[in-house]
2 protein chains.
Amino acid sequence: MRLLRGHASVTRAISAQLVAEHGLTINDYEALLHLAKAEDGRMRRVDLAERLILTASGVTRLLDGLEAGGLVERASCASDRRVTYAVLTETGRTKLRESSKSHIADVRTFFEERYSSDELQQLADLLGRLPGAGSAVEGDCSA
Amino acid sequence: MRLLRGHASVTRAISAQLVAEHGLTINDYEALLHLAKAEDGRMRRVDLAERLILTASGVTRLLDGLEAGGLVERASCASDRRVTYAVLTETGRTKLRESSKSHIADVRTFFEERYSSDELQQLADLLGRLPGAGSAVEGDCSA
DNA sequence: ACGCTATAGTTGATTACGCAACCAATGGTA
DNA sequence: TACCATTGGTTGCGTAATCAACTATAGCGT
């Protein structure tokens, strides 16, 4: 675990910039990002939770905030009435575009200050094997 | 940041075992560990905070719990009356010994399942450059 | 057609932590 | 020596996340 200790300070530093500049936490940001990359800008809440490594309730509350800010909306699924989609709004998409510029720059700077691109590649390979880095295709509600 | 996402699940998994088997969170455990490695089993709270990557207040509360469990005590410093030491008690030392066995095994298992020893070394080198991994010698109250 | 189990999501209580404000000592420096 | 910036520590408050309990569907197997 010692190994992973550094995570806290890194995340905090980067997250703080994001909050200060755009009013988004890292999870807010990454939720928007996942939605943006998903088909139709929508995901089932449960799939989003898995991607963000949050519990279902964590996602409920995260999305509460984003909905309140008008960045996402809910939509229901015709074929399964249990599911609620989180859908990126146009506002949300814009917000993401705006914030990604500086955020990506911040992250890049942070890592490039300490690692060469080879090392970065290595790091990505190694850390990519941890759970939660998977990239399986999620189920769609198109039945 | 994507890179560091895996951290959450790993920490949770390992921490859960520790809590279930010994009633200690990872921070509890590592606090005891740092104290055990320190001279006389004691550290200034502020130094402990730095090691654990917690704020001063975080450490205050962490130690509250450990004190309540009789695992650490407070001691004051003769030469600087601002400082309070956290001191490992005999009970605490025993607790640490007990829990370290299974915890170390758990961690080892977790990492050895996914990485070769070379890779582990690489990972340690790379992650060791993140802030909070430093190993500077801390000030002692022996003036 | 009926019940049983699994899945999606929400809510209440609790926890862990950070930040800001604060107090008390320290240790220059004017 | 009187002041003031710095350091160690605690406390109040807010936030993000967990877990457990719950509701509502879904989709079996008999």
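These numbers come from a predicted model, not from an experiment. Proteins get letters first, then strands, A, B, ... in listed order; numbering begins at 1 in each.
- The stretch residues 10-28 of chain A participates, sequence neighbours left out, in no salt bridge (Lys or Arg N to Asp or Glu O under 4.0 Å) pair at all.
- Scored by the side chain to side chain donor-acceptor pair (under 3.5 Å) test, B:Glu98 finds no partners at all (sequence neighbours excluded).
- Sorted by first and then second residue, the salt bridge (Lys or Arg N to Asp or Glu O under 4.0 Å) pairs involving residues 100-110 of chain B (not counting sequence neighbours) form an empty list.
- In this structure, B:Glu50 atom CD and D:dG8 atom P are separated by 10 Å, rounded to whole Å.
- Taking A:Arg82 as the reference, A:Asp80 meet the salt bridge (Lys or Arg N to Asp or Glu O under 4.0 Å) condition, with sequence neighbours excluded.
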>> I need a per-nucleotide contact map over nucleotides 8-18 of chain C, read 5' to 3'. Cutoff is protein heavy atoms under 4.0 Å; write B for the base, S for backbone only, - otherwise.
In response: SSBBBB---SB
Can you list, pair by pair, the side-chain donor-acceptor contacts under 3.5 Å of residues 69-77 of chain B, counting residues two or more places apart and other chains?
from, atom 1, to, atom 2, distance (Å)
B:Arg74, NE, B:Glu67, OE1, 3.3
B:Arg74, NE, B:Glu67, OE2, 3.4

